[in-house]
K.L.:
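My questions will all concern the structure given below.
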Amino acid sequence: MSATIIPETSGGISTASAMRRNFWRGVWRVMRRKPSRLAGAVILAGFVFMAVFGPMFYPDNLPGDANAITRPPSWEHWFGTDPQGRDVLALVITGSRYVLLSAAVTALITVVFGTGLGLFSGFKRGRWDTVLMRVTDMKLTIPGLPLLLVLATVWKFGNPLQMGLVLGLLGWGGVARAVRAQTLSLRERGFIEAARGLGLSTGHIIGKELLPSMAPYIAMNMLIAVTGAVYAQVGLFFLGVLPYESNNWGVMLNLAVFQAGAMITPYAIGYLLAPLLAILLLTLGIVLVVDAMDEIFNPRLREE
């Protein structure tokens, strides 16, 4: 018996390895077709590297220089200094961890929760669909900004995981609705009917048949959720809704406008432009990568 199992197992492993190799070769082919897609991937990789390793090169509290307060961009300080004499570029790098970590947590919660609920609701139909969609509709009627304003009075959001958790729980409704609509369309296809005819379980059909077909849509929603989370938290910190207990791009924008006077003082313009350029560059990278998602997850498009 062992003689028959070993070849099958090794054959299964080699087949899975070959499929993974072919997938990544296809991804490389898709990215290489348009240099802009490679540029987007490099930009996102650069931001991830900056968020993970950048703060390690700086102390928790950046030292200030009393002789270099609100200086314009120079060779020594590429984006100038802030009103405390700290290097603006260093502030952007150290502040990236909070922004990107909370955005990643937001995207993960939004996509996982919204996708799971939408898939299950659209496939099961009946009472489950009615109950879950009514809950989703109730969620969509809750205004996010007023709720965040209330929460900010009792929750300081000093931890990026807290920020990501709240934004994620506030943002899954739209994804659930959209995934349900896609599921209702796919559940009537022939391959789903065949899977049902074979008596496969609901979990198997959803996980092995429906989910792979929706992979491009889910991946795009995750990247878009990252962008939305960045805008949401930066906007809240810029408006002064949340306390300045952590260094991030939103705090920088607020201090640049209302403390350093970047709108009227040319010397402080670097303090304002640095976080704005970081947000715009991150958005550009996400848009360029999203452009390749359909081809990456569609074998036919990858081979064309």
Side-chain angles (χ1 to χ4, degrees), residues 102-155 157 159-233 235-236 239 241-242 286 290 293-294 297:
S102 60
V105 172
T106 300
L108 184 64
I109 294 174
T110 298
V111 170
V112 171
F113 197 71
T115 299
L117 191 147
L119 279 169
F120 185 79
S121 177
F123 183 78
K124 293 295 286 185
R125 301 284 296 272
R127 288 183 184 173
W128 280 108
D129 184 34
T130 302
V131 172
L132 292 176
M133 284 304 101
R134 293 299 76 76
V135 172
T136 303
D137 291 340
M138 290 174 60
K139 155 66 195 65
L140 291 172
T141 60
I142 298 175
L145 181 58
L147 180 58
L148 284 171
L149 293 175
V150 173
L151 290 175
T153 62
V154 295
W155 210 350
F157 292 104
N159 189 322
L161 298 180
Q162 296 174 352
M163 173 64 77
L165 175 64
V166 172
L167 291 177
L169 292 177
L170 289 175
W172 58 266
V175 175
R177 267 287 180 190
V179 169
R180 173 185 176 270
Q182 294 284 331
T183 305
L184 289 174
S185 174
L186 289 173
R187 75 188 299 273
E188 305 301 331
R189 301 282 179 88
F191 66 98
I192 299 297
E193 293 292 341
R196 277 199 224 140
L198 292 172
L200 299 177
S201 65
T202 300
H204 178 91
I205 296 175
I206 292 176
K208 300 293 185 180
E209 305 294 339
L210 283 174
L211 195 57
S213 300
M214 302 182 65
Y217 183 77
I218 294 170
M220 283 189 285
N221 269 283
M222 177 166 279
L223 290 174
I224 293 170
V226 169
T227 307
V230 170
Y231 291 160
Q233 62 181 296
L236 289 171
L239 293 173
V241 173
L242 302 177
I286 290 174
V290 165
M293 285 299 172
D294 276 334
F297 288 97

K.L.:
Can you name the closest pair of heavy atoms from Gly174 and Leu140 and give their distance?
P.N.:
N-CD2, 3.6 Å
K.L.:
I need the minimum non-hydrogen distance between Ala229 and Leu167, along with the two atoms involved.
P.N.:
O-CD1, 4.0 Å
K.L.:
OG1/Thr183 to CG/Asp129 distance, rounded to the nearest 0.5 angstrom?
P.N.:
10.0 Å
K.L.:
Does Thr141 use its side chain to pair, donor to acceptor, with the backbone of Met138 at less than 3.5 Å?
P.N.:
yes
K.L.:
Could you pull out the closest heavy-atom pair between Trp172 and Leu117, with the gap in Å?
P.N.:
CZ3-CD1, 4.0 Å
K.L.:
At their closest point, which heavy atom of Gly164 faces which heavy atom of Val105, and how far apart are they?
P.N.:
C-CG1, 3.7 Å
K.L.:
Minimum heavy-atom separation for Ala107 to Val226, with atom names?
P.N.:
CB-CG2, 3.6 Å
K.L.:
Would you mind telling me which of Leu108, Thr115, Thr106 makes a side-chain contact (heavy atoms from CB on, under 4.5 Å) with Met222?
P.N.:
Leu108
K.L.:
Could you tell me the separation between the CG atom of Leu165 and the CD1 atom of Ile109, rounded to the nearest 0.5 Å?
P.N.:
4.5 Å
K.L.:
Could you tell me the separation between the CD1 atom of Ile142 and the CG atom of Leu169, rounded to the nearest 0.5 Å?
P.N.:
10.5 Å
K.L.:
Any side-chain heavy atom of Thr130 within less than 4.5 Å of one from Arg134?
P.N.:
yes
K.L.:
Identify the two heavy atoms, one from Ser102 and one from Pro160, that lie closest to each other, and give their separation to 0.1 Å.
P.N.:
CB-O, 3.2 Å
K.L.:
List in chain and number order the residues that pass salt bridge (Lys or Arg N to Asp or Glu O under 4.0 Å) with Arg127, two or more places apart in sequence or in another chain; answer none if no residue qualifies.
P.N.:
none
